[in-house]
Amino acid sequence: MNEHGGSTGESTVVLLDLRKGEPERLGGRMLVVAGTELLAGSQQVLQDVLSSRLVRSVLVVAVGPDLRLPPALDGEGRRVLWVGDPCGILWNADTGEAAHGPGVSSETILIDLLSQPEVFDEVVDELGDIPYGTASPGWRIVAGRIDPEVLAQAFHEVAERFDGPVQPDTAAFSSPLADALPMLSGTVDLPADLLDALVPEGRTERLYRRAAEQIDRATRALDDLGYFHGAPVLAAIADEVVAAGRALAEFREAVARLFAEIDHTDEAAADRLAEYGVKFATPAGMGHREIVGELRTDVESALAERKSLTRLVSRLRLLADHSAPIGSAAFVDDLWRICPDELLNALHAPAPFPAGLIDRFVLWRRSRAWWREQLALGHARTALDELRSRLERVAASEWMLGEARMHTSDAARTLAASLGEICVRVAGTLNDWSKAEAGQAAAAAALDEEVTVRLRDRGGQLREVITGDLLDAVTGWLEPGWTSLEHGDYRDAQAGLERRVDETLRQYRYHLVHKGVQERPGFGPGDGPGDGRGDGAASGGRQELVDAVWRQSQQVVRALEVPPSGQMLQLCGDRDLAALLRQAYAVRFAPRAVRGQGNPPGVVWTRSGQYAGTLRLVPLRPGTVEENWSGDGT
């Protein structure tokens, strides 16, 4: 037994084909299909269905000649459509004129039509007003199905979008809604308060202050050097320079030792840094939840804006690369570049003041300037401040933000992998669909193909709508993984992804076949499936399809306004016409997208975007059912 619909709720019609076996489950609406030769022997099955509390209404479609009904279908609750010949015959109930039909079976179309809950309910109600609750169905229907060749091409082109080469995306991560990610990826500078990494009066801050004071003391001594000076004064200045060099070297070694030995993932990192007087605390707003929240906002915004999925994958990989911590040890060599050994050597062994009398007295100013340059105190102070700056920047980026950066990198890389897997599965499925559609026939000859033909010129819009639907689906596929990412469970974030993708694609395939592209699928955003209001960025393309295809179709208007007794395709044989009355009941139906264009009253608005028109129900002549009915079921 098959179920027509994407869910198992009250909005579905459950199909039971007695030619294929007994029911596996029951539902509120039961559409029972059987050959007329089987009905007489299906008394018990039908009785079980009709007596079940799960079943609210039953509609029986009896296919074949010589209608005979079992006792289970006796009584006021009978609702039967008799299809004497599924190929049908063109018949005018007013004049009695008849002509050959298209010569192809319309049974599948009828079942598809009755599987729409709105049409099912209306037919059941109409049969309640028809004697014996039995009628022969006929119709004039306009098909809104997409031409298979057009659909095949659209599937192929959308597949290329999902599985094309990963396009580089070098755009900086600077979303106005994000605070953590731009900082963690290096897009914006670290704030000043985060760079204030040394604890006042801590060990490292004292080493820095002592070196700074020693350099300043040597600089002042040099500034105070007078024209008349003796050797002791020069020796004292040299001693101050040596002391400054020693303090600078000690600070450099302390920073290098921290860089080489501390890693933010070590359990003892906080204690070691506290021992050296370096702050180690993750700033506010940099927790796992905040980071994943910003990632989610960025991804869902990109999907809503219909950004390329391959570019989004590239963007996330770039974010993962830029935010990944590289470890403080990688910055040790920078310390030797900032404060090279040549500088320390110049401080440890100061050059002598020019000894010549001319240099000392005649060229006094030039000699003192030369000596100042040789002592390199200015370079020493610059190196000291740059060492501290580098320490504070590394402390912020690799220690305080280390965990946040690692989580950002892992989460972004996990998302990129999930989206990559989605791209592969979607593209593969679409290519399979494309192959299945290619070469198939268009709408059946039993239907008016005007809408189908009009859709052939809308391949570009069709491609955009399908792409938008699938990007909406991506949002749902990622939904269960966000909580796992918040907790750092990266493997769990991808658990069940393959199953979710395959299930949604199965539903979407059913949706396209039975409801059409004009109707928004259930996994799209909005108040609910089929509310007719569109879906964000994709609503324009979908609405344009509706306007251009359905609302501009003159055939739709004619099919909805056709008199029920006029010429239609009646699903019976020429011999069966004798059993029909020349009166008719009409069920008019159309997709919800067609509403609002002056249609006749009483139209049933369906979620399906496949059919619009009039279903004719012709009662059987009195005595026809009873004469062919055998009370013992034989």
message = Do the side chains of R520 and D472 get close enough for a salt bridge, i.e. N-O under 4.0 angstrom?
response = no
task = Could you tell me which non-hydrogen atom of S434 sits nearest to which non-hydrogen atom of A152, and how far apart they are?
result = OG-O, 2.7 Å
message = Pair L470, V158 - check side chain to side chain contact (heavy atoms under 4.5 Å, CB included), show working.
response = CA-CA 9 Å; L470 293 174; V158 176; 4.0 Å; yes
task = Could you tell me which residues satisfy ring pair (Phe, Tyr, Trp, His ring centres under 6.0 Å) with Y508, sequence neighbours excluded, listed by chain and number?
result = F523
query = Less than 4.5 Å apart, any side-chain heavy atom of L295 and any of L415?
reply = yes
request  = Could you pull out the closest heavy-atom pair between T265 and M406, with the gap in Å?
outcome  = CG2-CE, 3.9 Å
request  = Measure the CD-CD distance between E464 and E157 for me, rounded to the nearest 0.5 Å.
outcome  = 9.5 Å
request  = May I ask you to check whether T614 and R588 show a side-chain donor-acceptor distance below 3.5 Å?
outcome  = yes
Residue pair Y510, L505: steps toward the side chain to side chain contact (heavy atoms under 4.5 Å, CB included) verdict = CA-CA 9 Å; Y510 181 92; L505 291 177; over 6 Å; no
ask   = Considering residues at least two apart in sequence or located in another chain, which fulfil the salt bridge (Lys or Arg N to Asp or Glu O under 4.0 Å) criterion with R500?
value = none
note = Checking V83, L113, L571 against S106 for side chain to side chain contact (heavy atoms under 4.5 Å, CB included), the one that qualifies is L571
ask   = Will you find, in the side chains of Q153 and E149, an N or O donor that is under 3.5 Å from an N or O acceptor?
value = no
message = Suppose we screen for side chain to side chain contact (heavy atoms under 4.5 Å, CB included). Which residues come up paired with A590, at least two apart in sequence or across chains?
response = L560, V594, V603, W605, A612
message = Checking M286 against E403 for the side chain to side chain contact (heavy atoms under 4.5 Å, CB included) test, could you report, in this order, the C-alpha distance in whole Å, the side-chain angles of both residues, the deciding distance, and whether it holds?
response = CA-CA 9 Å; M286 298 290 174; E403 172 62 26; over 6 Å; no
message = Please determine whether salt bridge (charged side-chain N to carboxylate O under 4.0 Å, His left out) holds for the pair E479 and R296, giving the CA-CA distance in whole Å, both sets of side-chain angles, and the decisive distance to 0.1 Å.
response = CA-CA 9 Å; E479 174 66 33; R296 179 171 188 170; 2.3 Å; yes
message = For a quick test of reading the model, state the closest non-hydrogen atom pair linking V14 to G27 and the distance between them.
response = CG2-CA, 3.9 Å
inquiry  = Just so I know, are the side chains of V58 and R79 near enough to count as touching, which here means a heavy-atom distance under 4.5 Å?
reply    = no
Side chain to side chain contact (heavy atoms under 4.5 Å, CB included) involving T475 - partner list, sequence neighbours excluded = E300, L303
task = Could you list the residues that satisfy side chain to side chain contact (heavy atoms under 4.5 Å, CB included) with E126, not counting sequence neighbours?
result = E122, Y585, V587, L617
remark   = Sorted by chain and number, sequence neighbours left out, salt bridge (Lys or Arg N to Asp or Glu O under 4.0 Å) with R558 holds for none
S185 to H322 - nearest heavy-atom pair and separation = O-CB, 3.6 Å
task = Give, for atom NZ of K307 and atom CD of E305, the distance between the pair rounded to the nearest 0.5 Å.
result = 4.5 Å
message = Among residues at least two apart in sequence or on other chains, which ones pass salt bridge (Lys or Arg N to Asp or Glu O under 4.0 Å) with E398?
response = R405
request  = Taking the side chain as every heavy atom from C-beta outward, state whether V13 and L59 have any atom pair closer than 4.5 Å.
outcome  = no
ask   = Heavy-atom distance under 4.5 Å between the side chains of Y611 and I109, does that happen here?
value = yes
query = Can you name the residues that form a side chain to side chain contact (heavy atoms under 4.5 Å, CB included) with R19, not counting sequence neighbours?
reply = D17, V33, L38, E107
inquiry  = Please report the interatomic distance OG1(T408) to CG(L184), rounded to the nearest 0.5 Å.
reply    = 4.5 Å
query = What pairs with D321 under side-chain hydrogen bond (donor to acceptor under 3.5 Å, both in side chains), at least two apart in sequence or on another chain?
reply = R413
request  = Find out whether V604 and D121 are in side-chain contact, i.e. whether some heavy atom of one side chain is under 4.5 Å from a heavy atom of the other.
outcome  = no
query = Where do M568 and W139 come nearest, in terms of heavy atoms and distance?
reply = CB-O, 3.3 Å
request  = Verify whether one side chain among E160 and H156 offers a donor that lies under 3.5 Å from an acceptor in the other.
outcome  = yes
Separation between OG of S105 and CG of L110, rounded to the nearest 0.5 Å = 9.5 Å
inquiry  = Is any side-chain heavy atom of P521 closer than 4.5 Å to one of Q507?
reply    = no
ask   = Tell me the side chain to side chain donor-acceptor pair (under 3.5 Å) pairs involving residues 480-495, sequence neighbours left out?
value = H407-Y490
Solution key, residues 416-433 side-chain donor-acceptor pairs under 3.5 Å, sequence neighbours excluded:
from : atom 1 : to   : atom 2 : distance (Å)
S418 : OG     : T414 : O      : 3.1
R425 : NE     : D502 : OD1    : 3.1
R425 : NH2    : D502 : OD1    : 3.2
R425 : NH2    : D502 : OD2    : 2.8
T429 : OG1    : R425 : O      : 2.9
N431 : ND2    : A427 : O      : 3.1

key: Straight-line distance of S323 OG to M183 CE, nearest 0.5 Å   = 13.5 Å
inquiry  = Which residues pass the salt bridge (Lys or Arg N to Asp or Glu O under 4.0 Å) test with D266, not counting sequence neighbours?
reply    = none
task = Decide yes or no on side chain to side chain contact (heavy atoms under 4.5 Å, CB included) for S115 and L31, but give the supporting numbers first.
result = CA-CA 7 Å; S115 294; L31 177 61; 3.8 Å; yes
key: 4.5 Å side-chain heavy-atom contact, M400 and T282   = no
ask   = How many angstroms lie between OG in S409 and CG in L319, if you round to the nearest 0.5 Å?
value = 7.5 Å
query = Minimum heavy-atom separation for E294 to L181, with atom names?
reply = OE1-N, 2.9 Å
key: Within-4.5 Å side-chain heavy-atom neighbours: P102 and L569   = yes
